[in-house]
Amino acid sequence: MTSAHDHRGADVNYQEVQARADFRELRRTHRSFAFPMTVFFLLWYLTYVVLGSFFPQLFTIKVIGNVNLGVLYGLSNFVVVFGITAIYVWYTNARMDPKSKAIREELEAAGVGLPEEVKA
């Protein structure tokens, strides 16, 4: 395993990389998705908990047979998680991967993170 200052390959100062505008933009792109989606899901889930705790009669309303609103809302949490995951995959492929690929390719061109046999 090589360190950032191993003289067999290129040296890299990761703090400088993190301070670059393109890396900051990549981080901002990630945060602009991750934080709102986290807040959305937490509010969705906490609504389920609050409604179940303080308004249990709401969740006992029958919809179809023995299936009530509580069961449907509980299952909807899974649907929301899968939906957020699908949207995240799309968002990452469209917005983050091109930016991270450019940074990675630049660092690899300098020999950073490559296997020893490729560096030689």
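Here, residue 1 is the first one in the sequence, and each next residue gets the next number. Remember, predicted model here, so these are calculated numbers, not experimental data.
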Does [X] share a hydrophobic cluster with [Y], counting links as ILVMFWY side-chain heavy atoms below 4.5 Å and allowing steps through other members?
| X | Y | answer |
| --- | --- | --- |
| Val49 | Val71 | yes |
| Met37 | Phe78 | yes |
| Phe82 | Ile84 | yes |
| Leu51 | Phe54 | yes |

(message) For the backbone of Thr29 and the side chain of Tyr91, can you confirm whether one donor and one acceptor N or O come within less than 3.5 Å of each other?
(response)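 Flag set: sc Tyr91 to bb Thr29 pair under 3.5 Å.
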
(request) Give a yes or no answer on whether the side chain of Ser53 reaches the backbone of Val50 with a donor-acceptor pair at less than 3.5 Å. (result)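 Side chain of Ser53 to backbone of Val50, a donor-acceptor pair under 3.5 Å: no, none is there.
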
Heavy atoms from other residues, nucleotides or ligands near [atom1] of [X] exceed 12 (cutoff 6.0 Å):
| X | atom1 | answer |
| --- | --- | --- |
| Gln57 | CD | yes |
| Ile64 | CD1 | no |
| Asn93 | CG | yes |

Would you call [X] and [Y] a side-chain contact if the rule is heavy atoms closer than 4.5 Å?
| X | Y | value |
| --- | --- | --- |
| Pro56 | Thr60 | no |
| Phe41 | Asn77 | yes |
| Val80 | Tyr45 | no |

(request) Take the angle between the ring planes of Tyr48 and Tyr73 and call it parallel below 30°, perpendicular above 60°, tilted in between. (result)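 Rings of Tyr48 and Tyr73: parallel, under 30°.
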
(request) Evaluate the side-chain contact (heavy atoms from CB on, under 4.5 Å) criterion for residues Asp22 and Leu26: first the C-alpha distance (whole Å), next the side-chain angles of each, then the deciding distance (0.1 Å), finally the verdict. (result) CA-CA 6 Å; Asp22 56 349; Leu26 177 63; over 6 Å; no

